[in-house]
Amino acid sequence: MTESSGLQTPLWRAIAVFRIAALVYVAVLVVRNVGAYERPVLAWPVLAVMAGWTVFTTYAYAVPGRRRPPLLIADLLITMAVMTASVWVVGRAALEDGRPTLAVAWHVAPVIAWAVAGGRRWGITAALAMGATDLMVRAHYDQAAFTGTVLMVLAATAVGYLVGLAEVSQQRLERAIQLEATTRERERLARGIHDSVLQVLALVKRRGAGLDGEAGELARLAGEQEAALRTLVTGRSSEHQDEHAEADLMTLLEPYASATVSVAAPAGAVRLPARVAAELAAAVAAALDNVVRHCEPGTKAWVLVEDEPAEVTVSVRDEGCGIAPERLAEAEEQGRLGVAQSIRGRIIDLGGTVRIISAPGQGTEVEFTLPRR
């Protein structure tokens, strides 16, 4: 079943209008031909059922949550029952002579409803079922009898195809709206960041460029963060990224290996979607950065990658000073969101989990687990 979208609403309204117009046409035919029916007194209860069902479905299909198989199946069965009642009301001999059934034209409405709700396959299924009922009621199989069924199948195919196009158009429109909103928000953030953070980083880089020691290292780091931040706010890093492409996680993690950081991984490549691999590598980088900032110089750290069929697990362990139990909550309250956003936020957005095991003086282990999809 396709999801109901704003583009489907006019189609459901058109079905309601068609059903009402078909009912009026049926009423006119009944009034004109009732005298020739085999059991004319039964025509009025059947017409009343058709009118009541028309009113009910008009209101029922107006609510997207009710456009489900139970209502669609009931619509099809009741319409088929009305058509079958023509055998007793109109009479078998009159039907074989070409007199229309009681559901003439009105029986097309549930076929279109099935096509709108479920696409071409659902519509064709309903058209074939309704066509088979029509042929059995008429009890003759000439060219004129088959024409109605063929027309219903063609109508269901066309409507189902249009509904598919409408769904694709709706999805593309929603993506375009999201992209426009994201672009505007990035531009707004870029203006604020350019007037504050980027200018400060650029100033630190310029003032410390010619200095030695920690001041020079601070200037270099400020320059790297300025370049990364400019790339982020301008969106250049993701302009040409293919969301379906894959990347080897190890090619992103191996550059972090150093005299103090050991990276252990399976012998083969660890393939992940490119965006997922990049976000996971960024979370690992944030965890290693915390080791550099909060532990003694030269503190050892280990990165372990486990590639399993159902999930990928990456552990970052260090032998540093550890984290007090309440420290993470205090840092988040103070607006320092390194763990909350750079680490935990990234992984949770990808559908994974983060487990932090630490105690003062016993080091820290941060474990990222991402399920494969």
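None of the values given here were measured: they were computed from a predicted structure.
- Other residues, nucleotides and ligands place no more than 12 heavy atoms under 6.0 Å from the CZ atom of R355.
- Residue T353 holds its OG1 atom at 7.0 Å from CD of E367, rounded to the nearest 0.5 Å.
- With hydrogens and angles ignored, the 3.5 Å screen pairs a side-chain donor or acceptor of R39 with a backbone N or O of W88.
- Counting only heavy atoms from C-beta outward, the side chains of I347 and L280 approach each other to under 4.5 Å.
- Residues M152 and Y25 are members of one and the same hydrophobic cluster, defined by side-chain heavy-atom contacts under 4.5 angstrom among Ile, Leu, Val, Met, Phe, Trp and Tyr.
- Side-chain contact between L47 and L102 is absent, with no heavy atoms from C-beta onward closer than 4.5 Å.
- Using a distance-only test at 3.5 Å, with no hydrogens or angles considered, no donor-acceptor pair links the side chain of R120 to the main chain of T157.
- Under the rule for a ring-ring contact (aromatic ring centres under 6.0 Å, His included), the partners of F56 that lie at least two apart in sequence or sit in another chain are W53.
- Of the options D307, L370, L249, L304, a side-chain contact (heavy atoms from CB on, under 4.5 Å) to V314 is made by L249 and by none of the others.
- You'll find the side chain of I357 stays beyond 4.5 Å of the side chain of R317, heavy atoms only.
- Contact check for E319 versus C295: no side-chain heavy atoms found under the 4.5 Å cut-off.
- R372 contributes a side-chain N or O that, together with a main-chain N or O of E308, makes up a donor-acceptor pair within less than 3.5 Å.
- At least one donor-acceptor pair under 3.5 Å links the side chain of R92 to the backbone N or O of V137.
- In this structure, K300 contributes its side chain and G320 its backbone to no donor-acceptor pair below 3.5 Å.
- Within the model, atoms CD1 of I15 and CD1 of I20 stand 12.0 Å from one another, a figure rounded to the nearest 0.5 Å.
- Proximity of H107 to V82: side-chain heavy atoms (C-beta onward) are nowhere separated by under 4.5 Å.
- A donor-acceptor distance shorter than 3.5 angstrom exists from the side chain of D248 to the backbone of V270, with no hydrogens or angles considered.
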